[in-house]
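First up is the structure itself, then whatever we jot down about it.
For the single chain, residues carry numbers from 1 onward in sequence order.
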Amino acid sequence: MHSVPLWLWTVFGVTVLVSLAVDLLAHRHSHVIGFREAAAWSAVWAGLAVVFGAVVFLVVGTTAGVEYTTAWLLEKSLSVDNLFVFALIFGYFRVPRAYQHRVLFLGVLGALVFRGVFLAAGVAVVSRFTAVLFGFAAVLFYSAYKILREEDDSFDPGKSIAVRLLRKVVPVRDEYAGTHFFVREAGKRVATPLLAVVAAIEAADIVFAVDSVPAVLAVSNDAFIVYTSNAFAILGLRALYFMLAGLLDRFHHLGKGLALILAFIGVKLVLQASHKTISSAVPEIPSLLSLAVIAAVLAVSVGLSLLLPPPPGAAPPGHAEGPPESASAAGSASAGSASHASGPDPPAGPRRRPEPPHDT
């Protein structure tokens, strides 16, 4: 465990809160975020993470700085896989592009909370029961296997537990009502499809943590390192999505690269656990080597994706069938004009949207 001064924790907390406030104010009006705006924000978030990493190097030490950089790059690479799921959810629910940032903003808040809870629990468990690292390694190996077998393509946003539970708690109408989550119809309070989208995103955040938490704990079991690296990777997730939204289908080799990274981190966990529980003679993979491997695999995966086109007829990563003809039957919505919708065109012409009722 590293010796982290309290003021650095405070600086981190204030930085995250200010960043969220600035982002919220900058996007308080719903609008379509273009490539240039998204690229600018991506540069801001990446720069903020790099500056904070430099502070960690100077204040906490070189080892902590390398661990932070490795963990941040690892989380950043895993977050790219999340973008495919976001694109699938937005396409499934026909979310107008102008509303997508607000949904992802709430998704980021949920991810920060969920990751904080899971990471705190993970650090506490690892500090007491080192052998649990073998279990974490098994999770990563299985995740890598699923990616290579493309079993994640069966993800159905409309059938997620969160969306089904939401529909049992509150009625969900078929039409969007601007950025409102609730409206009143016939004297009853009902949810709009935008709330179902948020539920699907938050459910995905929990699923993402299953891979993310064991992976980052392979880099460090220090609470400061694992949470700050996760937080700065998550903060830049929305801008990265809007910057790459139209290019996701080009990264067809990225899945194999992510599977390789997860398998490598799984091996690192096995060696780390064996070193601590079986024999100190078992070698461990240093964080600096991990950083080099992750960066190299990402670079090669992206480079091959851009140089070698996907085979004819191949489905892009994260591909899944859209909702059925009846959006209400799937618990989703078909709303907005085709020019404002994300994802594939609806199978039939969208219904004309009535004037949104007054928000309650």
Side-chain angles (χ1 to χ4, degrees), residues 1-2 4 46 49-50 52-57 60-82 115 118-119 122-123 126-127 130-145 147-148 208-234 236 253-304:
M1 302 292 286
H2 302 291
V4 180
V50 170
F52 189 83
V55 174
V56 173
F57 267 100
V60 188
T62 302
T63 301
V66 171
E67 290 179 354
Y68 166 85
T69 305
T70 305
W72 176 75
L73 185 60
L74 174 61
E75 291 301 319
K76 203 69 174 176
S77 63
L78 293 178
S79 69
V80 175
D81 197 39
N82 302 356
R115 295 292 175 87
F118 289 144
L119 287 171
V123 170
V126 170
S127 63
T130 306
V132 77
L133 293 177
F134 289 111
F136 286 169
V139 170
L140 296 181
F141 288 137
Y142 180 63
S143 297
Y145 169 79
I147 293 176
L148 290 176
F208 297 153
V210 174
D211 293 339
S212 176
V213 171
V216 75
L217 288 176
V219 177
S220 174
N221 62 354
D222 184 272
F224 178 80
I225 297 298
V226 297
Y227 190 66
T228 55
S229 59
N230 261 261
F232 281 110
I234 291 171
H253 286 298
L254 186 60
K256 298 181 179 65
L258 294 177
L260 183 58
I261 289 175
L262 288 175
F264 170 76
I265 296 299
V267 172
K268 177 178 171 64
L269 272 178
V270 170
L271 293 176
Q272 183 177 329
S274 300
H275 179 85
K276 294 180 179 179
T277 61
I278 298 177
S279 171
S280 59
V282 177
E284 292 185 281
I285 299 177
S287 294
L288 194 58
L289 178 59
S290 300
L291 177 59
V293 169
I294 293 171
V297 172
L298 279 177
V300 172
S301 300
V302 173
L304 288 177

Rounded at 0.5 Å granularity, tell me how far [atom1] in [X] sits from [atom2] in [Y].
X    : Y    : atom1 : atom2 : answer
F141 : L269 : CZ    : CG    : 8.0 Å
S77  : I261 : OG    : CD1   : 4.0 Å
L78  : L73  : CG    : CG    : 9.5 Å
W72  : I225 : CH2   : CD1   : 14.5 Å
L119 : N221 : CG    : CG    : 11.5 Å
L74  : F264 : CG    : CZ    : 10.0 Å

Set of side chain to side chain donor-acceptor pair (under 3.5 Å) partners for S290, sequence neighbours left out
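If we apply the side chain to side chain donor-acceptor pair (under 3.5 Å) test to S290, skipping adjacent residues, there are no hits.
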Among residues at least two apart in sequence or on other chains, which ones pass side chain to side chain donor-acceptor pair (under 3.5 Å) with E67?
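Listed in chain order: H2, S220.
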Nearest heavy-atom pair of [X] and [Y]: which atoms, and what distance?
X    : Y    : value
G266 : L140 : N-CD1, 3.9 Å
P214 : V139 : CG-CG1, 4.5 Å
L262 : S143 : CD1-CB, 3.9 Å
S229 : A71  : OG-CB, 3.3 Å
A144 : A263 : CB-N, 4.2 Å

Find out whether L133 and T130 are in side-chain contact, i.e. whether some heavy atom of one side chain is under 4.5 Å from a heavy atom of the other.
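Yes, their side chains come closer than 4.5 Å.
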Within-4.5 Å side-chain heavy-atom neighbours: F57 and T69
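Yes, their side chains come closer than 4.5 Å.
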[X]: which residues meet the side-chain contact (heavy atoms from CB on, under 4.5 Å) condition with it, sequence neighbours left out?
X    : result
V132 : V125, V126, F136
S212 : E75, R115, N230
V123 : L217, V226

Geometric class of the F232/Y68 ring pair [parallel <30°, tilted 30-60°, perpendicular >60°]
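Aromatic pair Y68/F232 classed perpendicular.
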Quiz: residues 276-289 side-chain donor-acceptor pairs under 3.5 angstrom, not counting sequence neighbours:
unit_1: T277; atom_1: OG1; unit_2: A273; atom_2: O; d: 2.6
unit_1: S279; atom_1: OG; unit_2: A281; atom_2: N; d: 3.1

